[in-house]
Novice: 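Quick one: this structure, given as structure tokens, is what I'll be asking you about.
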There are 2 protein chains.
Amino acid sequence: MAIPRAARTQRKTRIQEERQELILEAALDVFSASGFRGSTLDQIAEAAGMSKPNLLYYFRTKEAIHRQLIDRVLTTWLEPLRVFDAAGDPESEIRSYIRRKLEMARDFPRESRLFANEILQGAPHIEDELKGPLKELVDEKAEVIRSWARAGKIARCDPYHLIFSIWSTTQHYADFDVQVRAVLGQANSGEGRFEDAARFLEALFMDGLRVR
Amino acid sequence: MAIPRAARTQRKTRIQEERQELILEAALDVFSASGFRGSTLDQIAEAAGMSKPNLLYYFRTKEAIHRQLIDRVLTTWLEPLRVFDAAGDPESEIRSYIRRKLEMARDFPRESRLFANEILQGAPHIEDELKGPLKELVDEKAEVIRSWARAGKIARCDPYHLIFSIWSTTQHYADFDVQVRAVLGQANSGEGRFEDAARFLEALFMDGLRVR
DNA sequence: CGATAAATTGACCGCTTGGTAAAAGCTTAC
DNA sequence: GTAAGCTTTTACCAAGCGGTCAATTTATCG
């Protein structure tokens, strides 16, 4: 047997790189559909087209796969918020943030569900990252929003709850996809629903319902 | 052994009533925290303060417990939408719907998470109920909203996505509680965050951000 | 009380699960 | 070619799982 396990190896071979990527891709499928405890190594191994011991040659434990997946997703997931620009125009910044988040819900629903699963279970693996890097990033952007409100460019509002509401409304289309499809029925559950959602959310955040 | 199992018995004894309630309460704790597959009968039995065989004397399978729990939650969960009144004033109807949903997220977070877990996993047990009763109810209320828009009482908007956005923003505070707390930090993660959320959401849905 | 039914439990079973051991193939570099 | 290390698989294990059985204890009621 090879002494330097994949996990311990510094220098990765070409095969190691490819196989690990293949495994992570398969694991994302399985974990996002069934959650951590609901998924089995056999399922992941089959989805990756290899035997279970072979899979465990590349990742020492089930948790190791999950952790790496979560880490990776967490990084890319927050990218839209990072590019949120203080120097930009409030309207277009908020608009495009909503649009980007909605596009991610459409294009990366597995990632969204993986994350939702993790949070729902109490975020046992990433609590520190939520309280650290995530909080810092949100604090920073909240200050930007607050300054826009002070300058009279947008209505005064709690920036944290604004961000929460953008997160929840957009991710809803990935995480609660089954429900959305069931309610909309066959007619409107195609890809067009994302355009409808985008129009609605833009209008909502920009103008509200303008109740008289 | 008793021939008439609890599940088969028509006439329930006092004890059966109490114990089943006790089990459902315990199961709600466990299922909402760990999901269906993540929960074990041993956990539920311990939370209910009884042995596993005893628990299985009242519910024949793990699924039976889960199904009854889901059924019950689904009914109460949609109550706020049912009382949504076509004859009422649009502004106060929408306002109080948001408030009621937010109160439910605050007062019944376990129920919200149980439901979220189920949907996230693809709603394997309740797909029919989503496509049937739920869809019908939403269709009905969507028509109400649409009529308000036609009458010029609220801005024209897609009523389905309006309902989705109310669901997602309010339930977010139950389902993503860990994240909300982590981001808000110790200062704002007390009960006061629900009042802040209520103020924000009312303002959002009524007036938007009024971007200039 | 005594009898009958209901409630409870410890022991157990078969299956699935995450993970291991060891040996057999396969690559790669000299 | 061949030796060294990398990759893959077959066979396996111990623990945890949902669920059953049979026996015991407890409640109910005449």
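We name chains A, B, ... by the order of the sequence lines, and we start the count at 1 in each one. Since the structure is predicted, the reported quantities are computational estimates derived from the model, not experimental observations.
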Novice: Starting at CD of B:Q20, measure out to OH of B:Y58 and round the result to the nearest 0.5 Å.
Specialist: 8.0 Å

Novice: Determine the interplanar angle of the B:F36 and B:F31 rings, folded into 0 to 90°, and report it as parallel if under 30°, tilted if 30 to 60°, perpendicular if over 60°.
Specialist: parallel

Novice: Taking CG from A:L55 and C1' from D:dT10, how many angstroms apart are they, rounded to a whole number?
Specialist: 16 Å

Novice: Between D:dT20, D:dT7, C:dA21, spot the one nearest the side chain of B:L56, thanks.
Specialist: D:dT20

Novice: Write out all pairs satisfying salt bridge (charged side-chain N to carboxylate O under 4.0 Å, His left out) with one or both partners inside residues 111-129 of chain A, taking only residues at least two apart or from two chains.
Specialist: A:E127-A:K131

Novice: Using a heavy-atom distance cut-off of less than 4.0 Å, which residues of residues 37-45 of chain B contact DNA chain D?
Specialist: B:S39, B:T40, B:L41

Novice: Rounded off to whole Å, could you give me the OH-to-P distance for the A:Y58 and C:dG19 pair?
Specialist: 18 Å

Novice: Does any N or O donor sit under 3.5 Å from an N or O acceptor when you compare the side chain of B:K62 with the base of D:dG19?
Specialist: no

Novice: Whole angstrom is fine here: how far is it from CG in B:L22 over to P in C:dA7?
Specialist: 14 Å

Novice: Check A:R82 against A:T75 and note the closest heavy-atom contact, atom names and distance.
Specialist: NH1-O, 3.3 Å

Novice: So, does A:N54 get its side chain near the phosphate of D:dT9, meaning an N or O under 4.0 Å from OP1 or OP2?
Specialist: yes

Novice: Per the side chain to side chain donor-acceptor pair (under 3.5 Å) rule, what does the pair list look like for residues 183-192 of chain B, sequence neighbours excluded?
Specialist: none

Novice: Write down the distance between CZ (A:R19) and C1' (D:dT9), rounded to a whole number of angstrom.
Specialist: 12 Å

Novice: Does A:Y57 put a side-chain nitrogen or oxygen below 4.0 Å from OP1 or OP2 of C:dT20?
Specialist: no

Novice: Looking at B:R60, I'd like to know whether one of its side-chain N or O atoms comes within less than 4.0 Å of OP1 or OP2 on D:dG18.
Specialist: no

Novice: Please walk me through it: do A:I119 and B:D177 pass side chain to side chain contact (heavy atoms under 4.5 Å, CB included)?
Specialist: CA-CA 8 Å; A:I119 302 286; B:D177 180 60; over 6 Å; no

Novice: In whole angstrom, give the distance that lies between atom CD of B:Q16 and atom P of C:dA5.
Specialist: 15 Å

Novice: What integer distance in Å separates B:M50:CE from D:dG19:P?
Specialist: 16 Å

Novice: Over how many whole Å does the gap from B:F59 atom CZ to D:dT20 atom P extend?
Specialist: 15 Å

Novice: If you apply the rule salt bridge (Lys or Arg N to Asp or Glu O under 4.0 Å), what do you find for B:E103 with B:R100, and how did you get there?
Specialist: CA-CA 5 Å; B:E103 282 166 3; B:R100 259 193 286 265; over 6 Å; no

Novice: Once you round it to whole Å, what is the distance between P of D:dA11 and NZ of A:K52?
Specialist: 14 Å

